[in-house]
Amino acid sequence: MTNKKIKTIFIGTPDFGIPVLISLISDKNFDILGVITQPDKKVGRQQILTETPIKKIASSYNIKVWQPKKLKEFADEIKKLEPDLIVVVAYAQILPKAILEIPKYSCINIHGSLLPKYRGAACIQAAILNGDEETGITIMKMDEGLDTGPIIAQEKIAIETNDTGEKIFNKLSELAGEKAAPIILDYIDNKSELKPQDNSQASLTKLLDKDDGKINWQKSATEIERLVRAMHSWPGAFTNFNSRTLKILETDQNILSINNRHQTGEVFLHNNEVAVQCGQDALVLKKIKLEGKNETAAIDFINGHRDFIGSILR
RNA sequence: CGCGGGGUAGAGCAGUUGGCAGCUCGCCAGGCCCAUAACCUGGAGGUCACCGGUUCAAAUCCGGUCCCCGCAA
């Protein structure tokens with residue numbers, strides 16, 4: 001074991017990396033030289049300039065924060081710091097070669113899928129959309145590609161039938177926080193075996209767009225049920241009712257095998273529950289939210305919107 | 001000052017030429033029925049977000065405050 005502290009730079013932006021950052025800060029083996037995160041952005045209804053979640057945490061621990069617009073232009077600065085290790089968790093930029101070469105223990109990335117499946121940004125949602133029964137985190141040594149580096153370790157979790165994108169996000173985030181430090185220490189002590197990724201099994205996920213949450217009722221109820229869970233809580237699954245955006249927050253996990261009795265997208269009552277006809281089978285709505293209104297149980301929603309039953313969602 | 005919707009009974013919503021506050025569901029009581037989540041009758045339940053103004057009279061008009069939400073980012 002090294003008797004000197006490992007001089008480490010942490011790079012990340014959203015909440016996802018917080019547990020990892022905190023575990024590294026708390027671990028006496030690491031000396032966090034500083035944190036690199038995205039520049040502050042205007043956020044929310046009031047367009048308030050807001051710090052990234054990682055910046056808030058770093059600041060609260062009095063850790064130096066840098067927010068370069070382009071990482072490439074910051075390579076020289078990093079070099080001067082002489083880091084032994086760089087840990088990247090969800091930064092949203094690819095690290096240039098000039099930076100990858102700096103730390104002697106290289107750059108390590110923690111990714112929210114079981115690579116080589118679901119490289120890229122929407123890895124967590126992809127696992128739910130595809131109906132996978134498990135997902136996990138991959139800790140890997142970075143190379144110049146997007147999530148293509150050799151794997152140091154993987155940790156799996158099961159995807160429950162009621163798991164949403166947000167829940168998996170949190171579970172994986174916590175899992176990463178627990179496992180990151182010990183796995184990285186093993187790696188530095190040369191106790192881990194690096195396995196190259198099998199590129200033939202690789203898949204790529206693109207960054208989610210708001211429109212990715214738009215429901216196409218032509219699809220099967222099974223697919224839409226997964227979409228609703230995967231997109232929760234951002235960007236959220238939505239449809240259109242009376243020219244207003246209607247968010248579908250939660251559906252019943254049990255699909256109704258009902259076909260040919262209603263038009264696609266038609267809302268109907270079934271066993272005192274609100275259902276929508278899909279391209280294949282039908283889906284029972286549980287929680288919905290109309291634009292400008294609060295979250296509502298679907299069955300309560302119809303009390304004040306008598307025309308909902310029988311309407312066609314588009 | 002980014003744009004926009006909203007706050008009315010336990011829930012979901014109507015209700016602005018100012019004039020006794022309504023609907024659907026739920027709840028309570030009774031009735032019908034072999035029976036019911038069905039149906040009928042009756043009932044309870046509101047400081048109309050808050051503060052101030054105009055008026056004989058404000059949920060409604062005017063000014064201000066708080067809170068919730070959609071878009072955009």
Side-chain angles (χ1 to χ4, degrees), chain A residues 12-18 36-57 59 65 67-71 90-93 120-122 124-125 164-166 169 205-217 224 227-252 254 256-258 261-262 265-276 282-314:
Chain A
T13 299
D15 298 330
F16 190 75
I18 289 176
I36 298 176
T37 190
Q38 297 280 0
D40 295 350
K41 282 182 182 169
K42 289 183 179 179
V43 169
R45 211 147 6 224
Q46 304 310 320
Q47 291 293 286
I48 296 164
L49 198 61
T50 305
E51 305 178 337
T52 71
I54 289 297
K55 181 179 176 182
K56 281 183 194 146
I57 296 297
S59 301
V65 175
Q67 296 174 282
K69 274 185 184 159
K70 287 190 177 177
L71 215 44
Y91 177 58
Q93 277 187 34
I124 292 172
Q125 291 85 351
T164 62
E166 186 177 46
F169 183 98
T205 62
K206 64 173 173 51
L207 187 62
L208 281 182
D209 195 77
K210 193 92 183 176
D211 280 346
D212 289 320
K214 182 162 179 63
I215 295 173
N216 174 2
W217 295 103
I224 295 171
L227 179 80
V228 170
R229 281 190 293 120
M231 297 302 160
H232 190 275
S233 61
W234 195 92
F238 63 94
T239 186
N240 192 292
F241 169 60
N242 282 353
S243 303
R244 292 215 272 173
T245 299
L246 180 72
K247 293 204 167 179
I248 309 298
L249 302 176
E250 189 182 324
T251 69
D252 198 304
N254 298 313
L256 299 178
S257 299
I258 295 178
R261 257 191 274 166
H262 304 275
E266 184 177 344
V267 182
F268 61 97
L269 271 178
H270 178 78
N271 292 341
N272 214 28
E273 294 188 299
V274 182
V276 184
L283 200 55
V284 172
L285 304 183
K286 290 294 190 189
K287 290 183 192 166
I288 60 183
K289 179 157 67 177
L290 186 63
E291 178 181 332
K293 292 300 206 172
N294 289 321
E295 175 179 332
T296 309
I299 198 68
D300 292 331
F301 183 80
I302 62 177
N303 282 330
H305 299 88
R306 313 299 293 173
D307 57 341
F308 189 54
I309 301 297
S311 68
I312 310 292
L313 303 179
R314 300 180 195 285

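Atoms considered below: every heavy atom in the structure, side chains included; atoms not considered: hydrogens, waters and symmetry mates. Proteins get letters first, then strands, A, B, ... in listed order; numbering begins at 1 in each.
Taking the P atoms as reference points, B:C28 lies 29 Å from B:C50, given to the whole Å. As rounded to the nearest Å, B:G19 and B:G26 have C1' atoms that lie 32 Å from one another. For B:G4 and B:A37, the P atoms lie 49 Å apart once the distance is rounded to whole Å. The gap from the C1' atom of B:G12 to that of B:G6 amounts to 14 Å, rounded to the nearest Å. Spacing between B:C13 and B:U8 at atom C1', rounded to whole Å, works out to 10 Å. Across B:A35 and B:G30, the matching P atoms stand 16 Å from one another, rounded to whole Å. Comparing B:U47 with B:G22, their P atoms are spaced 15 Å from each other, to the whole Å. B:U65 and B:C71: their P atoms are spaced 26 Å apart (whole Å).
Following rounding to the nearest Å, A:K42 (NZ) and B:C1 (P) show an atom-to-atom distance of 10 Å. A:L246 has its CG atom 14 Å from the C1' atom of B:G5, to the nearest Å. One atom, CD of A:E295, and another, P of B:G70, lie 10 Å apart when rounded to the nearest Å. In this structure, A:L249 atom CG and B:G12 atom P are separated by 14 Å, rounded to whole Å. Residue A:I302 contributes atom CD1, which lies 14 Å from atom P of B:U24 at whole-angstrom precision. Taking atom CD on A:E273 and atom C1' on B:A37, their separation rounds to 12 Å, with Å as the unit. Atoms CG (A:N242) and P (B:G70) sit 19 Å apart, rounded to a whole Å. Per the geometry, NZ belonging to A:K41 stands 19 Å off P belonging to B:G2, to the nearest Å.
Pairing partner, B:U55: none, since no Watson-Crick or wobble contact has both distances short of 3.5 Å. Of the nucleotides present, B:G2 is the one that pairs with B:C71 by Watson-Crick or G-U wobble criteria, both distances under 3.5 Å. Across every strand in view, B:G42 sits in a pair with B:C28 that passes the Watson-Crick or G-U test at under 3.5 angstrom. Partner assigned to B:U65 is B:A49, using Watson-Crick or G-U wobble distances below 3.5 angstrom. The partner of B:G22, taking Watson-Crick or G-U wobble pairs whose two distances both stay under 3.5 Å, is B:C13.
Under the ring pair (Phe, Tyr, Trp, His ring centres under 6.0 Å) criterion, A:F308 pairs with A:F241, A:F301, not counting sequence neighbours. Residues satisfying the ring pair (Phe, Tyr, Trp, His ring centres under 6.0 Å) criterion with A:Y91, sequence neighbours excluded, are absent altogether.
Side-chain proximity of A:R306 to B:C71, B:U24, B:C69: nearest is B:U24. Out of B:C69, B:C13, B:A72, the shortest distance to the side chain of A:R45 is found at B:C69. In the set B:A11, B:A73, B:A72, the nucleotide with an atom closest to the side chain of A:Q47 is B:A72.
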Could you walk me through whether A:K286 and A:E273 satisfy the salt bridge (charged side-chain N to carboxylate O under 4.0 Å, His left out) test, starting with their C-alpha distance in whole Å, then the side-chain angles of each, then the deciding distance to 0.1 Å, before giving a yes or no? CA-CA 8 Å; A:K286 290 294 190 189; A:E273 294 188 299; 2.9 Å; yes
Going through the checks in order, is the side-chain contact (heavy atoms from CB on, under 4.5 Å) test met by A:V284 and A:V274? CA-CA 6 Å; A:V284 172; A:V274 182; 5.9 Å; no
Candidate pair A:T296 and A:L249, rule side-chain contact (heavy atoms from CB on, under 4.5 Å), full reasoning: CA-CA 9 Å; A:T296 309; A:L249 302 176; over 6 Å; no
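The OG1 atom of A:T13 sits 8.0 Å away from atom CD of A:Q93, with the distance rounded to the nearest 0.5 Å. Distance check, rounded to the nearest 0.5 Å: CD1 of A:I57 to CD of A:E51 gives 10.5 Å. Here the CD atom belonging to A:Q125 is positioned 9.5 Å from the OG1 atom belonging to A:T164, to the nearest 0.5 angstrom.
In this structure, A:N303 reaches the bases: a heavy-atom distance under 4.0 Å links it to at least one base atom across the strands shown.
Under the 3.5 Å distance criterion, with hydrogens and angles disregarded, no donor-acceptor pair is assigned to the side chains of A:Q38 and A:T52.
Side-chain nitrogen and oxygen atoms of A:K293 include none within less than 4.0 Å of the OP1 or OP2 phosphate oxygen of B:G5. Taking only side-chain nitrogens and oxygens, A:K247 comes nearer than 4.0 Å to OP1 or OP2 of B:G70.
When each of A:T296 and A:R244 is assigned the nucleotide of RNA chain B bearing its nearest heavy atom, the one mapping closer to the 5' terminus is A:R244.
At a non-hydrogen distance threshold of 4.0 Å, A:K289, A:E291, A:G292 from residues 285-292 of chain A come into contact with RNA chain B.
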